[in-house]
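Notes for the one structure printed next.
Just so you know, residue 1 is the first one in the sequence shown, and it goes up from there. Indexing begins at 1, ligand by ligand and atom by atom, following the structure's order.
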Amino acid sequence: MAKKLHKLKIAGSPVFIGQTALEELKHNLGAAFANKETLFVLADENTIENCFPILVEQVPQLSSAYKIVVQPGEENKTLQTCERIWNELAVAGGNRRSLLINLGGGMITDLGGFAASVFHRGMEYVNVPTSLMAMIDASLGGKTGVDLYSLKNQIGLFSPPRGVYVYPGFLTTLPHRQLLSGYAEMMKHALIADSSSWNKLRKIPMAVISNWEDLIVESVQIKADIVNKDPEELGVRRKLNFGHTMGHAFETYSLRNDENPLTHGEAIAMGMICEAYISYRTIGLSHEQRDEIVKQILLNFNHYKIPTEAIDELVEITNYDKKNEKGRLMLTLLKGIGNSIEGQKCETALVREALFRFTDFGRLAD
Ligand code: GLY
């Protein structure tokens with residue numbers, strides 16, 4: 001059977017998904033990108049070892065590309081790392097006629113997209129995501145940026161890639177915890193916009209999924225439908241932030257306090273539990289659906305244990321959320337599974353209550 005290549009468009013960027021996605025990149029390097037003077041590949045220490053050989057085997061032109069390798073981990077998504085990238089680009093003669101190929105997870109596609117977009121006032125880049133998280137979310141839709149100290153994505157800009165090449169074969173190189181991290185965003189896409197997708201995910205625990213390609217296409221389609229209506233997040237794109245205000249607070253707290261911090265997706269999964277609770281308390285998510293969401297998340301993720309003393313710090317972190325308006329938290333909440341509403345004001349007291357109940361799941365139910 002011929003291998004199918006799925007083609008979508010998000011915020012003006014073509015997205016290719018399938019077993020022949022890297023062949024498409026190979027073709028485009030000889031066609032749309034044939035005028036590029038220098039090719040750069042940005043990778044981290046893991047993807048250069050595990051994914052670059054697969055990339056070069058399928059895209060031989062990249063064997064002579066200039067490689068920039070950074071340390072992995074969200075803690076390195078910083079302006080300091082950008083400075084190193086800009087320095088290497090400059091020393092190797094990079095300019096606006098060069099192309100940067102970001103090979104990695106969301107940390108690399110966020111960082112590389114930002115570094116390229118401001119280098120010489122804008123060098124073009126493409127994303128080759130290697131994690132599930134990046135394949136269905138981070139590499140798509142043009143959000144680029146870095147963290148400021150431990151606060152997530154405080155510096156950045158909307159700058160869509162010239163293309164995204166999603167090769168699901170890279171997932172075999174991914175540790176289980178990283179796969180799970182992406183799965184949280186897949187659950188989020190289903191929860192905010194597609195109850196039939198949620199019912200599909202509910203049927204199988206993540207650990208036994210073997211065919212990722214169709215699930216990836218479905219999840220990317222949900223994101224595309226939302227982003228294409230609102231590429232610069234003035235309205236409906238905020239739906240994609242479900243779980244993220246409280247999730248980013250867990251993530252920042254964990255980066256500050258834990259030796260082995262939560263992954264982004266683990267933090268978002270915990271954030272979705274809290275924001276499902278707030279949805280139930282404010283906009284009518286039924287307690288049956290709230291419990292179904294909590295149960296499904298806990299089927300795949302461990303409950304992140306926080307002491308009640310941590311609540312003040314977590315609440316304080318939410319005060320810095322980029323999405324706040326006039327000092328008030330703005331959340332995306334669920335009216336039901338597959339039905340979300342963005343731009344919902346939320347009082348700090350309710351965040352505190354959700355966190356208090358989160359410390360002990362027994363308290364989540366009425
Ligand atoms: N990751 C959320 C968005 O792209 O808007």
Protein heavy-atom partner closest to atom 4 (O) of ligand 1 - residue, atom, separation in Å: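 The closest heavy atom on the protein side is Lys223 NZ, 2.6 Å.
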Which residue and heavy atom of the protein sit nearest atom 1 (N) of ligand 1, plus the separation: Asp137 OD1, 3.0 Å
Min N/O separation Arg237 to ligand 1 under 3.5 Å: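 So ligand 1 has an N or O lying under 3.5 Å from an N or O of Arg237.
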Within reach of ligand 1, part of Glu233 (heavy-atom separation under 4.0 Å): side chain
Test item: side-chain donor near acceptor, [X] and [Y], under 3.5 Å:
X: Glu275; Y: His244; answer: no
X: Ser181; Y: Gln178; answer: no
X: Glu74; Y: His264; answer: no

Ring geometry between Tyr277 and Tyr280 (parallel below 30°, tilted from 30 to 60°, perpendicular above 60°): tilted
Enclosure of Lys36 NZ (heavy-atom neighbours >12, cutoff 6.0 Å):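 Check passes, neighbour count above 12.
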Proximity winner for atom 2 (C) of ligand 1, if only heavy atoms of Lys143, Glu232, Lys239 are counted: Lys143
